[in-house]
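Presented below is the structure to which this report refers.
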Amino acid sequence: MRQRSPLKGMAIAFFIIALSFWNFTGLSGSECIRNIHVVTLLTCGAGIGVFIVSLFMWIRSKS
């Protein structure tokens, strides 16, 4: 089985983070937290987690 490149995972995670952050800043209704706010923040957090794990894998593979 072929391993994926950590850089590809980092690129996809960065795209998810950017899209989620852009979506979150564009949401209106800051006086109350709606369900879409929660889902957007969870997606952004998951993207950050994948990005950090991919970054560590990339650093580890270089050494």
Linking I/L/V/M/F/W/Y whenever their side-chain heavy atoms sit closer than 4.5 Å, directly or via other members, would [X] and [Y] fall into one cluster?
| X | Y | result |
| --- | --- | --- |
| Met10 | Leu19 | no |
| Ile48 | Phe21 | no |
| Ile59 | Ile52 | yes |

Self-check item: Nearest-0.5 Å distance, CG of residue Leu55 to CZ of residue Arg60
Solution: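 Here the rounded value is 13.5 Å.
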Quiz item: If you round to the nearest 0.5 Å, how far is CG of Asn23 from CD1 of Ile16?
Solution: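 The distance works out to 13.0 Å.
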Quiz item: Is there a donor-acceptor pair closer than 3.5 Å between any side-chain N or O of Ser61 and the backbone N or O of Trp58?
Solution: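 Here the side-chain-to-backbone pair exists.
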Self-check item: Close side-chain approach of Phe15 to Ile12, heavy-atom, < 4.5 Å
Solution: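 Result no, sub-4.5 Å side-chain heavy-atom pair not found.
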Self-check item: Shortest non-hydrogen contact between Ala13 and Val50, atoms and distance
Solution: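 For Ala13 versus Val50, the nearest heavy atoms are CB-CG1, 3.9 Å.
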Exercise. Check Ser54 against Gly9 and note the closest heavy-atom contact, atom names and distance.
Key: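 That would be OG-C, 3.9 Å.
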